[in-house]
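Working notes, beginning with the structure itself.
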Amino acid sequence: MHNNLPTSSPNLSGNNQGGVIIDRLLRLRKELKREKLAAYIFLSTDPHCGEYVPEHWKGREWISGFTGSAGIAVVTMSSAALWTDSRYFLAAERELADTEYVLMKEGLAGTPAVAAWLGRELSDGNCKEVGIDGTAASYDYISALKMELRQNGGLLLRTNFDPLERIWTGRPPLPKGLIRRHDLRYAGEEAASKLARTRSALRTIHADGTLVTTLDDIAWLLNLRGSDVRRNPVFISYLLITSRTTVLFTDSAKLDAGVKAYLSSLGIDIKEYNEVQKALAAYPDYSILIDGKLTNHRLATAVKCKHIIYGASPVPALKAVKNAAEISGFRRAMLRDGVAMVKFLYWLKPAVLHGGVTERAVDERLTAFRAEQELFCGLSFDTIAAYGAHAAIVHYEATPATDTELKPEGFLLIDSGAQYLDGTTDITRTIPLGPLSDEQRRVYTLVLKGHIRLEMAKFPAGRTAGTQLDCLAREALWRAGMNYLHGTGHGVGSFLNVHEGPHQIRQEWCGTPLAAGMTVTDEPGVYLEGRFGVRIENTLLVTDYVQTEFGRFLQFEPLTLCPIDTSPIIRELLGEEEIAWLNAYHAKVYDALCPLLSDAGERAWLRDNTLPF
């Protein structure tokens with residue numbers, strides 16, 4: 001599970017961090033005073049409303065010191081607060097220590113919304129104007145925030161000032177990686193066809209064109225890939241689609257002659273990245289679709305045409321349903337990834353017994369096994385290798401200061417994945433390294449039970465969203481008075497972002513129906529602060545189940561191929577149907593991976609760890 005994984009520079013720590021952040025806040029407040037602003041809001045996103053952000057736009061991290069990828073920092077002339085969700089509570093408490101920031105735990109009773117907090121903090125002051133960077137906040141977010149601020153003390157919102165341009169010394173530049181073509185044998189559909197399907201979808205809502213802002217959508221549409229965002233093969237750009245033209249806005253220096261010729265063959269014009277706002281002001285058609293959730297406020301308000309339609313972009317939904325070549329690629333990638341996982345697990349416990357293995361060493365060894373595999377292009381997110389109490393920190397990432405040696409006892413939670421040219425992988429296993437407590441075994445079994453119950457689901461096509469299935473993964477935990485606050489599942493890109501939508505499996509409402517061809521993860525977990533954490537994750541493919549007089553039904557097929565350790569299981573807590581599923585899954589894993597292993601010891605380990613339970 002890695003939703004919104006932190007991808008940041010090395011952590012500062014202790015008093016040094018506190019002093020650095022206090023100095024940055026002093027510099028910020030000088031600029032706020034100069035601009036007559038009472039407060040400033042820093043979001044975690046960028047001009048592309050992306051979840052994965054290039055270093056250049058990690059302003060919220062720079063001003064707060066909090067490295068998690070989800071959060072909002074708010075600074076007034078006399079106070080500072082940071083909002084984040086349950087995945088980062090423990091990490092945020094540690095990273096915000098010795099700074100002015102007060103941690104606001106989203107989703108918990110008593111935690112105020114940003115606007116309500118600002119209303120209270122600014123109630124005694126004369127200045128009522130709050131700042132936010134309109135290029136790094138979506139149109140929908142700004143629209144809602146303006147209303148909320150007005151309702152909380154008549155506060156106003158200014159969107160045309162970015163103080164980081166003045167105070168962030170040494171700010172990383174925009175990345176300059178080359179853009180490359182993604183081979184059709186992996187993409188499975190020509191870019192021209194994808195653009196035609198997009199225009200067809202636009203016509204159904206009477207839109208002549210649209211601005212595509214999200215980087216993975218652009219990469220998918222054009223069958224191009226880049227390296228501008230850590231762990232995600234995308235490139236910084238916008239794509240303006242009109243009724244007759246398509247224009248790519250990017251740094252032209254990143255396009256070699258071959259890619260330029262390829263784009264020209266598609267009839268795609270190339271303009272510089274910073275020319276998009278001017279192009280929107282001169283948009284030639286009658287109507288345009290603007291996705292207010294995915295388009296930043298400045299660009300959304302720059303459009304000049306007769307009719308602006310605000311609604312969801314059709315591209316994420318098109319991208320989410322994988323074609324035959326992409327599905328085949330996923331299967332091949334999962335085979336290679338499974339081989340790497342088996343090699344790693346075969347190595348792990350003997351190495352721990354020998355001594356000297358740390359969390360960071362685990363990460364390095366697993367990465368090395370993956371790097372041996374064909375078509376490997378890097379990790380799909382920063383590996384979470386969390387031993388003991390560290391596994392209770394949902395998005396823990398070992399640093400030199402926290403790197404812990406593994407002992408032959410307790411749990412190691414490892415959440416990891418890779419980018420291959422033909423697919424993206426994401427897997428979590430919780431591995432017993434030695435003796436376990438009764439509590440650890442019980443939690444492990446209940447998490448596994450929820451994992452299996454979700455994978456066994458059968459459901460009507462076109463009518464079932466992930467939110468309706470989420471309780472299957474949680475029900476056994478709820479009966480035991482336990483829960484987890486992160487989502488249960490997210491889509492996975494095809495050699496693209498490891499986290500993609502629009503579908504999800506989570507408690508919060510997400511109404512996108514699951515469809516055959518979608519990928520989605522299944523990753524329930526339990527986290528006990530200061531003790532241990534358990535999470536088990538497979539990546540799944542939505543496939544057809546049966547057609548009856550009641551309609552078409554769907555099911556999940558596990559794409560991930562890796563044994564699930566059965567030694568911690570309390571058998572009485574699993575039903576016969578759940579045990580049958582586990583045995584069938586392990587038989588599939590053995591049959592798929594054994595022929596690919598040349599080492600007799602690895603084959604024997606795989607046999608022993610996939611025996612019927």
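All values below were derived from every heavy atom in this structure, side-chain atoms included, with hydrogens, water molecules and symmetry-related copies excluded. We're numbering straight along the sequence, starting at 1.
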Test item: side-chain donor near acceptor, [X] and [Y], under 3.5 Å:
X: D403; Y: T399; result: no
X: E61; Y: T67; result: no
X: E537; Y: H451; result: no
X: S328; Y: R332; result: yes
X: N232; Y: R225; result: no
X: N497; Y: E51; result: no
X: E439; Y: S437; result: no
X: T539; Y: D426; result: no
X: T488; Y: R506; result: no

Any chance you could lay out the salt bridge (Lys or Arg N to Asp or Glu O under 4.0 Å) test for D422 and R331, step after step, and finish with the verdict?
CA-CA 9 Å; D422 53 356; R331 297 191 196 283; over 6 Å; no

Can you list the steps and then say if V357 with V362 is a side chain to side chain contact (heavy atoms under 4.5 Å, CB included)?
CA-CA 7 Å; V357 177; V362 162; 3.8 Å; yes

Closest approach of [X] to [Y] (non-hydrogen atoms, all atoms of both residues):
X: T430; Y: G533; answer: CG2-O, 4.0 Å
X: L294; Y: S313; answer: CD1-CB, 4.5 Å
X: I236; Y: L215; answer: CA-CD2, 3.9 Å

Measure the [atom1]-[atom2] distance between [X] and [Y] for me, rounded to the nearest 0.5 Å.
X: F381; Y: S416; atom1: CZ; atom2: OG; answer: 5.5 Å
X: C562; Y: M334; atom1: SG; atom2: CE; answer: 11.5 Å
X: T519; Y: F556; atom1: OG1; atom2: CZ; answer: 11.0 Å
X: L248; Y: L239; atom1: CG; atom2: CG; answer: 6.0 Å
X: R370; Y: L379; atom1: CZ; atom2: CG; answer: 7.0 Å
X: L611; Y: N583; atom1: CG; atom2: CG; answer: 9.5 Å

Are D565 and R429 close enough, and set up right, to give a side chain to side chain contact (heavy atoms under 4.5 Å, CB included), and what steps lead you there?
CA-CA 8 Å; D565 202 309; R429 291 293 183 264; over 6 Å; no

Could you go through N538 and E455, starting from their C-alpha distance and side-chain angles, then the distance that decides it, and tell me whether this counts as side-chain hydrogen bond (donor to acceptor under 3.5 Å, both in side chains)?
CA-CA 9 Å; N538 280 350; E455 289 212 28; 3.0 Å; yes

Taking atom [atom1] of [X] as the centre, report whether more than 12 heavy atoms of other residues, nucleotides or ligands fall under 6.0 Å from it.
X: R197; atom1: CZ; value: yes
X: Y545; atom1: OH; value: no
X: R453; atom1: CZ; value: no

Run the numbers on L554 and T543 for side chain to side chain contact (heavy atoms under 4.5 Å, CB included), then give the verdict.
CA-CA 6 Å; L554 303 176; T543 66; over 6 Å; no

Would a 4.5 Å heavy-atom cut-off, applied to side chains only, mark [X] and [Y] as touching?
X: V498; Y: Y52; value: yes
X: I431; Y: K349; value: yes
X: L43; Y: R60; value: no
X: R94; Y: I393; value: yes
X: I564; Y: Y585; value: yes
X: E508; Y: T467; value: no
X: L541; Y: I327; value: yes

Are any side-chain N or O atoms of [X] and backbone N or O atoms of [Y], one a donor and one an acceptor, separated by less than 3.5 Å?
X: T560; Y: I427; value: no
X: S494; Y: G423; value: no
X: D256; Y: V259; value: yes

Do T445 and L574 pass the side chain to side chain contact (heavy atoms under 4.5 Å, CB included) test, and can you show the C-alpha distance, the side-chain angles, and the key distance before you say yes or no?
CA-CA 8 Å; T445 307; L574 293 185; 4.1 Å; yes

What do the steps show when you test F411 against Y444 for ring-ring contact (aromatic ring centres under 6.0 Å, His included), and what is the final call?
CA-CA 10 Å; F411 280 133; Y444 182 95; 5.7 Å; yes

Taking the ring of Y527 and the ring of H486, is the distance between their centroids below 6.0 Å?
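For H486 and Y527, the ring centres are under 6.0 Å apart.
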
How far apart are the C-alpha atoms of Y238 and H48, what are their side-chain angles, what is the distance that settles it, and do they pass the ring-ring contact (aromatic ring centres under 6.0 Å, His included) test?
CA-CA 8 Å; Y238 294 101; H48 302 272; 4.3 Å; yes

Which residue in the set V339, L593, L345 passes side chain to side chain contact (heavy atoms under 4.5 Å, CB included) when paired with L606?
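Option passing the side chain to side chain contact (heavy atoms under 4.5 Å, CB included) with L606: L593.
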
Chi angles and distances behind the salt bridge (Lys or Arg N to Asp or Glu O under 4.0 Å) call for R571, E578
CA-CA 10 Å; R571 194 193 189 288; E578 293 154 1; over 6 Å; no

Report the C-alpha distance between Y396 and E359 in whole Å, list the side-chain angles of each, state the deciding distance to 0.1 Å, and finish with yes or no for side-chain hydrogen bond (donor to acceptor under 3.5 Å, both in side chains).
CA-CA 11 Å; Y396 172 78; E359 293 164 326; 2.6 Å; yes

Does the distance from a Lys or Arg side-chain N to an Asp or Glu carboxylate O, for R360 and E405, drop under 4.0 Å?
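Judged by the 4.0 Å cut-off on N to carboxylate O distance, R360 and E405 do not form a salt bridge.
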
Do R336's NZ or CZ and the ring of Y420 fall within the cation-pi criteria of under 6.0 Å and 45°?
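Yes, cation above the ring, under 6.0 Å and within 45°.
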
Does NZ or CZ of R474 lie under 6.0 Å from the centre of the six-membered ring of Y484, at an angle within 45° of the ring axis?
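Flagged: R474 positioned over aromatic ring of Y484.
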
Taking the inter-plane angle between the rings of F344 and W347 on a 0 to 90° scale, is it parallel (under 30°), tilted (30 to 60°) or perpendicular (over 60°)?
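It falls in the tilted class, 30° to 60°.
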
So R87 and E106, salt bridge (Lys or Arg N to Asp or Glu O under 4.0 Å) or not? Walk me through it.
CA-CA 10 Å; R87 295 164 299 164; E106 291 179 349; over 6 Å; no

Apply salt bridge (Lys or Arg N to Asp or Glu O under 4.0 Å) to residues K254 and D228 and explain how you reach the verdict.
CA-CA 11 Å; K254 295 157 68 169; D228 286 351; 2.3 Å; yes

Not counting sequence neighbours, which residues clear salt bridge (Lys or Arg N to Asp or Glu O under 4.0 Å) with K194? List them please.
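Counting only residues at least two positions away or on another chain, K194 forms no salt bridge (Lys or Arg N to Asp or Glu O under 4.0 Å).
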
Full working for side-chain hydrogen bond (donor to acceptor under 3.5 Å, both in side chains) between Q419 and T424:
CA-CA 5 Å; Q419 295 284 9; T424 301; 2.7 Å; yes

